[in-house]
Amino acid sequence: MLKSGSRRGYAMPAAVGALVIVGVLVTGGFYMARQELRIGVASKHAAMAVNVAQMGANAVMANWTGYMLGKIPILDSASLSGTVPSGNWDATVTNLNNHVYFIDVTGQVTEGGALWAGATRRIGILSKMLYAEIDPPAALTTRGETKLTNNTSVQGEDADPGPWGGFCSGTTEHKPGIVTDDLSLLDAGGVVTGDPAATVEDPTIVDETFTTFGNMTWDDLVTLAKAEGKDVTGQGANISVVEPVVSGATCVTAAQLNWGDPLNPTAPCGAYFPLIYHGGPSVTMQSGGFGQGILLVDGDLTLRGGFEFYGVVIVQGAFGTAGSGGRVFGGVMASNAALDSQDFVGGSAVNNSTCSVERAILNNASLSRARPIDTRSWIDLSFVVN
């Protein structure tokens, strides 16, 4: 029996209960704080991953490498990758029609150590090619006295080069075979065809026809060719060894007489389309050489020995062929400023080819740029299931 006035102790249970409650509150506070930290860091790194992906897309467009991406057949893709200070990115570039490309980029954050790194986001950008306005109005655009012998041909009907297959966009643009300022000075003894006409007289042909190309001029093109290391004036008046130069699986673009490989578009130099300049006063291309791109001659140009060129040839002097002739797929613009006689002999041929002209411009980094289309070019692909 308890004595009157005695009490049982309750201070200890109350203290322990209070400590438990405080412990729960503190633990919960730490847990919530940690969760808030994780959410904040995750949100920050998710946004950072988007920025990494965007930097990757910008890098692809800013450093457009024509002789790599130009190898992509229509509806096929190529992969690129890179790093930035906060992460790395992987991109897939899909050629939709040689003018529009879809860039699919995944960005991954690498900063923050093992605990925080690894956030990824994926974006897509629809880009289009902006390029110089070089568009020959005919297979052969010229002025002054021009003579073709019976075994030469100038074809204005559009034709894709045989081995290029799926690399051409399918765009067809038939043109006249010859456009000149005065048809009375044309002796078309060879085969000349075209659409809507084989030959067209255009008295508006003037010096600027051969020196102004949209926002670019002849001097601009020459400057770019020199910047590419393709001023071949020092090679002399006779150039005979024009062929691809490859080291392992790499196209050696620094070689002055490497003008790409039009005969094999999947080869290392198959999508290399340089700007080439010869300062004249005259030059002869010969001995079975071949090249592609844009050839600028500040003087007279003669093709012989079966020389083949795919792209655009712009000549400020007279243009002609000799011996066993040569062949151009694309377009020739010969100013013939001195109005010399231009003779085409020896089985030579000039063939209009929209594909050759397009690829020569689109695959030259100096003449083309990839930019996002004006509206709705960007999409978040992070939650797309492949």
Going by side-chain hydrogen bond (donor to acceptor under 3.5 Å, both in side chains), name the pairs with one or both residues in residues 312-321, residues two or more places apart or in two chains.
Thr321-Ser348

Check whether any side-chain heavy atom of Cys269 lies under 4.5 Å from a side-chain heavy atom of Asn258, and answer yes or no.
yes

Using 0.5 Å steps for rounding, measure from the CG atom of Asp104 to the OG atom of Ser79.
9.5 Å

Pair Gln235-Gln256, side-chain donor/acceptor within less than 3.5 Å
yes

For the atom pair OG1 (Thr209) and CD1 (Ile314), what is the distance rounded to the nearest 0.5 Å?
11.5 Å

Does any part of the side chain of Asn363, heavy atoms only, come nearer than 4.5 Å to the side chain of Glu358, both counted from C-beta?
no

Can Val245 be reached from Ile239 by stepping across I, L, V, M, F, W or Y side chains whose heavy atoms are under 4.5 Å apart?
no

Does the side chain of Asp76 come within less than 4.5 Å of Asn95's, by heavy atoms?
no

Can you tell me how far apart CD1 (Ile72) and CG (Asn98) are? Round to the nearest 0.5 Å.
9.5 Å

Start with the C-alpha distance between Asp160 and Arg359, add both sets of side-chain angles, then the distance that settles salt bridge (charged side-chain N to carboxylate O under 4.0 Å, His left out), and finish with yes or no.
CA-CA 11 Å; Asp160 296 337; Arg359 295 196 74 211; over 6 Å; no

Measuring from atom CE of Met48 to atom CD of Gln54, what distance do you get when rounded to the nearest 0.5 angstrom?
15.5 Å

With a 3.5 Å distance limit and no angle check, can you tell me whether Thr149 reaches the backbone of Phe344 through a side-chain donor-acceptor pair?
yes

Please find the pair of heavy atoms, one from Thr141 and one from Ala138, that lie closest to each other, and give the distance.
OG1-N, 3.5 Å

Could you check whether any side-chain N or O of Arg371 sits under 3.5 Å from a backbone N or O of Met129, counting only pairs where one atom can act as donor and the other as acceptor?
no

Give the intermediate values and the outcome of salt bridge (charged side-chain N to carboxylate O under 4.0 Å, His left out) for residues Asp380 and Arg121.
CA-CA 8 Å; Asp380 188 345; Arg121 291 294 291 271; 2.5 Å; yes

Side-chain heavy-atom pair Val297, Val283 within 4.5 angstrom cut-off
yes

Return the minimal non-hydrogen interatomic distance between Phe290 and Pro262, and the atom names on each side.
CD1-CD, 3.5 Å

Please lay out, stage by stage, how Tyr310 and Trp164 fare under the test ring pair (Phe, Tyr, Trp, His ring centres under 6.0 Å).
CA-CA 11 Å; Tyr310 296 69; Trp164 289 14; 5.8 Å; yes

Are Ile276 and Val242 grouped together when hydrophobic residues (ILVMFWY) are joined by side-chain heavy atoms under 4.5 angstrom apart?
yes

Would you check, one step at a time, whether the test side chain to side chain contact (heavy atoms under 4.5 Å, CB included) holds for Leu295 with Phe309?
CA-CA 9 Å; Leu295 176 59; Phe309 193 82; 3.7 Å; yes

Grouping I, L, V, M, F, W and Y whenever their side-chain heavy atoms are under 4.5 Å apart, do Val345 and Leu186 come out in a common cluster?
no

Val232 side chain reached by Trp259 side chain, heavy atoms, under 4.5 Å
yes

Test side chain to side chain contact (heavy atoms under 4.5 Å, CB included) on Phe319 and Val332; report intermediate values, then the result.
CA-CA 9 Å; Phe319 172 68; Val332 176; 3.7 Å; yes

Does Ser368 use its side chain to pair, donor to acceptor, with the backbone of Leu362 at less than 3.5 Å?
yes

Asp187 side-chain N/O to Lys147 backbone N/O, donor-acceptor pair under 3.5 Å:
no

Check: Thr284/Arg304 side-chain N/O donor and acceptor closer than 3.5 Å:
no

Strictly by modelled atom types, are Thr180 and Glu201 linked by a side-chain donor-acceptor pair under 3.5 Å?
no

Would Asp181 and Asp202 satisfy side chain to side chain contact (heavy atoms under 4.5 Å, CB included), going step by step from the backbone distance to the final call?
CA-CA 5 Å; Asp181 65 331; Asp202 183 359; over 6 Å; no

One thing to verify: whether Lys175 and Asp158 come together as a salt bridge, which I'm taking to mean a side-chain N less than 4.0 angstrom from a carboxylate O.
no

If you look at every heavy atom in Thr233 and Gly280, which pair is closest and at what distance?
CG2-O, 4.3 Å

Return the minimal non-hydrogen interatomic distance between Gly144 and Asn336, and the atom names on each side.
CA-ND2, 4.0 Å

Would you kindly say whether Ser356 and Gln292 are connected by a side-chain donor-acceptor distance under 3.5 Å?
no

Would you check if Val60 and Trp89 make a side-chain contact, meaning some heavy-atom pair closer than 4.5 Å?
yes

Taking it one step at a time, do Phe102 and Val93 satisfy side chain to side chain contact (heavy atoms under 4.5 Å, CB included)?
CA-CA 6 Å; Phe102 185 69; Val93 182; over 6 Å; no

Flag side-chain contact, heavy atom, 4.5 Å: Phe210 against Ile205:
yes

Could you note down all residue pairs passing side-chain hydrogen bond (donor to acceptor under 3.5 Å, both in side chains) where residues 211-225 supplies at least one of them, sequence neighbours left out?
Thr217-Asp220

All ring-ring contact (aromatic ring centres under 6.0 Å, His included) counterparts of His99, not counting sequence neighbours:
Tyr131

Where Leu221 and Leu275 come nearest, the two heavy atoms and their spacing:
O-CD1, 4.2 Å

Donor-acceptor pair between Gln342 and Thr146 side chains, under 3.5 angstrom
yes

If we only count heavy atoms from C-beta on, is the Glu228 to Tyr277 side-chain gap below 4.5 Å?
no

Any salt bridge linking Asp90 with Arg122? Criterion: basic side-chain nitrogen under 4.0 Å from a carboxylate oxygen.
no

Ignoring hydrogens and geometry, is there a side-chain-to-backbone donor-acceptor pair from Thr142 to Ala334 under 3.5 Å?
yes

Is there a path of hydrophobic side-chain contacts, each under 4.5 Å between heavy atoms of I, L, V, M, F, W or Y residues, that connects Val84 with Ile125?
yes

Return yes if some donor-acceptor pair links the side-chain N/O of Ser353 with the main-chain N/O of Ala159 below 3.5 Å, else return no.
yes

Under the side-chain hydrogen bond (donor to acceptor under 3.5 Å, both in side chains) criterion, do Thr152 and Asn150 qualify, and how do the steps go?
CA-CA 6 Å; Thr152 62; Asn150 290 330; over 6 Å; no

Any side-chain donor near an acceptor of the partner, Asp182 and Ser184, under 3.5 Å:
yes

Distance, nearest 0.5 Å, that separates CD1 of Ile103 from CD1 of Ile123:
9.0 Å

Please report the shortest heavy-atom distance between Lys230 and Ala254, naming the atom on each side.
NZ-C, 4.4 Å

Shared hydrophobic cluster, Ile178 / Leu301 (ILVMFWY, side-chain heavy atoms < 4.5 Å)
yes

To the nearest 0.5 angstrom, please state how far the CD atom of Gln286 sits from the OG atom of Ser324.
9.5 Å

